[in-house]
Amino acid sequence: MALEILYFAWVREAIGSDAETVEPPDGVETIGDLIGWLAGRGEGYAEALGEPGRLRAAIDQVFASMETPLGEAREVAIFPPVTGG
Amino acid sequence: MALEILYFAWVREAIGSDAETVEPPDGVETIGDLIGWLAGRGEGYAEALGEPGRLRAAIDQVFASMETPLGEAREVAIFPPVTGG
Amino acid sequence: MKPDVRVQADAFDSGVELAALEQRGAGGIASFIGIVRGDGGLEALELEHYPAMTEQALGGVAAEAARRWPLLALTVIHRHGRLVPGDRIVFVGAAAAHRGEAIAATNFVIDWLKTDAPFWKREIFGDGRSQWVEARAADDAARVKWDS
Amino acid sequence: MKPDVRVQADAFDSGVELAALEQRGAGGIASFIGIVRGDGGLEALELEHYPAMTEQALGGVAAEAARRWPLLALTVIHRHGRLVPGDRIVFVGAAAAHRGEAIAATNFVIDWLKTDAPFWKREIFGDGRSQWVEARAADDAARVKWDS
């Protein structure tokens, strides 16, 4: 399955990209799995994604936890805790 | 002792006056005593002051309870519960 | 910080008051505006007050708010006299470094005004009826929570 | 009542927003304005956001506020992009028949924005330093209290 991934704030900066399309292998079933798999893609990824406890995510523009299954997701965003308002 | 009494809202309307100077007799020591004594001064007074539970008061511009001694008071105001804001 | 407290018959402009608060270097500005509603055929509201006591009472609550929270500015305006639906009665606005302080101070002052400011409202209706507004127990409850 | 929700790079005028809320027949209008502070030599704040999610998220909280309280009007404006000290970041204003409803709805929305709106702030200082603002546990606590 092709998945659009978006990165924001320091996650985006560490990875050096704000979006990419990936095809996760079998076994990547949750947001947490996806982050673990992406973290192995290189140095910037490891820095950005190595501590999932510091990250938040959304599936198709809705906040999701690390345990949320990707299911039919088309767009997954990975970012630090928000600081709006 | 000469005491300036002020009336507000429906207390003022029932009594038909917004202020008067009185000389309460001995034995009138608290706000409650004062209201009881004033209530005997006529029909409008009885209507306005007959139920002290519906009234509030201030001594020299500071809220006071029915039990507060008049002490050296110069101005006593008697009125319904406030409805500002 | 000296609170700006006004008791007046004249109208005021909320936008002007808010703009002044915005220029005090704050991170957050909270405000509340009370307006006369035209419910039930209300034609006018007459606000009587106790002039010798009012400014001192409002100044007292403003000073208490400034003691409880680190405010950069606090404005309290309360009108008296005859008001018609759509007229502003009261403005409370607070500026502080952080939002929680500005919001808490504004809420404190508005709750307090309802129960401890010597104003009395008379409602005048289009059909000639007229009545004094009764104090509400809910207002007393809102006020008491700040005592804890 | 349809909430007025805007996510924009452009500046807005608090007085204009407040005046619009005042004309909705309300008895009480509460508002909160967030402003960039120049603490510690801050030169600018850059607000990044997630455009596809932001308006939908803000619209969702505005709708939830309108469901919880009987509001006559609700305005939520959040800016993104580069802001300098003194610039307004956020405006939340609610109009309701009674003060408690307007105040509660405003506080609910502002607490929620801090924790659930997809914005990220980067601070840029006069000496060239720059850092992402960290989320605050106090904001999470403020948000959680509305879940009960």
Side-chain angles (χ1 to χ4, degrees), chain C residues 11-40 42 45 72 83 85-111 113-114 121 136 138-139 141-142 145, chain D residues 11-40 42 45 72 83 85-111 113-114 121 136 138-139 141-142 145:
Chain C
F12 59 86
D13 183 324
S14 310
V16 168
E17 301 306 332
L18 203 59
L21 289 169
E22 287 184 330
Q23 280 151 26
R24 300 292 286 269
I29 291 123
S31 77
F32 177 82
I33 302 156
I35 294 188
V36 180
R37 284 182 298 140
D39 294 6
L42 185 89
L45 209 56
L72 293 161
L83 306 178
D87 280 353
R88 301 175 187 114
I89 308 175
V90 63
F91 176 95
V92 179
H98 305 105
R99 78 184 192 288
E101 299 151 357
I103 289 170
T106 300
N107 295 355
F108 170 79
V109 172
I110 193 72
D111 280 347
L113 285 177
K114 287 272 172 190
K121 291 189 184 111
R136 298 169 58 233
D139 290 330
K145 74 171 184 281
Chain D
F12 59 86
D13 183 324
S14 310
V16 168
E17 302 306 331
L18 202 60
L21 290 169
E22 287 184 331
Q23 280 151 27
R24 301 293 286 270
I29 292 123
S31 77
F32 177 81
I33 302 156
I35 294 187
V36 180
R37 285 182 299 142
D39 294 7
L42 185 89
L45 209 56
L72 293 162
L83 307 177
D87 280 353
R88 300 177 187 114
I89 308 174
V90 64
F91 178 94
V92 179
H98 304 105
R99 78 184 192 287
E101 298 151 357
I103 289 170
T106 300
N107 295 355
F108 171 78
V109 172
I110 193 71
D111 280 346
L113 285 177
K114 287 272 172 189
K121 290 188 185 113
R136 296 168 60 232
D139 290 331
K145 74 172 184 281

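Numbered from 1 within each chain, the chains take letters A, B, ... in sequence-line order. None of these values were measured; they are calculated from a predicted model.
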Practice task
Apply side chain to side chain contact (heavy atoms under 4.5 Å, CB included) to the pair Lys121(C) and Val36(C), showing each step before the final yes or no.
Solution key: CA-CA 11 Å; Lys121(C) 291 189 184 111; Val36(C) 180; over 6 Å; no

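- In this structure, CD in Glu22(C) is found 11.0 Å from CG in Asp87(D), a value given to the nearest 0.5 Å.
- Within the 4.5 angstrom heavy-atom criterion, no atom of Gln23(C) approaches chain D.
- Leu18(C) touches chain D through its side chain: at least one heavy atom from C-beta onward sits under 4.5 Å away, while N, CA, C and O do not.
- For the atom pair CD1 of Ile103(D) and CD1 of Ile29(D), the computed distance is 11.5 Å after rounding to the nearest 0.5 Å.
- For Ile89(D), no part sits under 4.5 Å from any heavy atom of chain C, backbone or side chain.
- Contact of Ala26(C) with chain D is made through the backbone alone, with heavy-atom distances under 4.5 Å.
- Heavy atoms closer than 4.5 Å to chain D are found nowhere in Asp39(C), neither backbone nor side chain.
- Counting heavy atoms from C-beta on, the side chains of Arg99(C) and Asp139(D) come closer than 4.5 Å.
- Between chain D and the residues Gly15(C), Gly34(C), Ser14(C), the most heavy-atom pairs under 4.5 angstrom are made by Ser14(C).
- In plain terms, the two heavy atoms of Ala102(C) and Ala96(C) that are nearest each other are N-CB, 3.8 Å.
- Heavy atoms of Asp13(D) lying under 4.5 Å from chain C are absent altogether.
- Ile35(D) CD1 to Leu45(D) CG: the interatomic distance, rounded to the nearest 0.5 Å, is 13.0 Å.
- Leu21(C) does not touch chain D: none of its heavy atoms, backbone or side chain, sits under 4.5 Å away.
- Within the 4.5 angstrom heavy-atom criterion, atoms from both the backbone and the side chain of Ile33(C) approach chain D.
- Under a 3.5 Å cut-off, the side chain of Arg88(D) and the backbone N or O of Phe12(D) do form a donor-acceptor pair.
- Most heavy-atom pairs under 4.5 Å with chain C, from the set Gly100(D), Pro85(D), Ala97(D): that is Ala97(D).
- Neither the backbone nor the side chain of Ala95(C) comes within less than 4.5 Å of any heavy atom in chain D.
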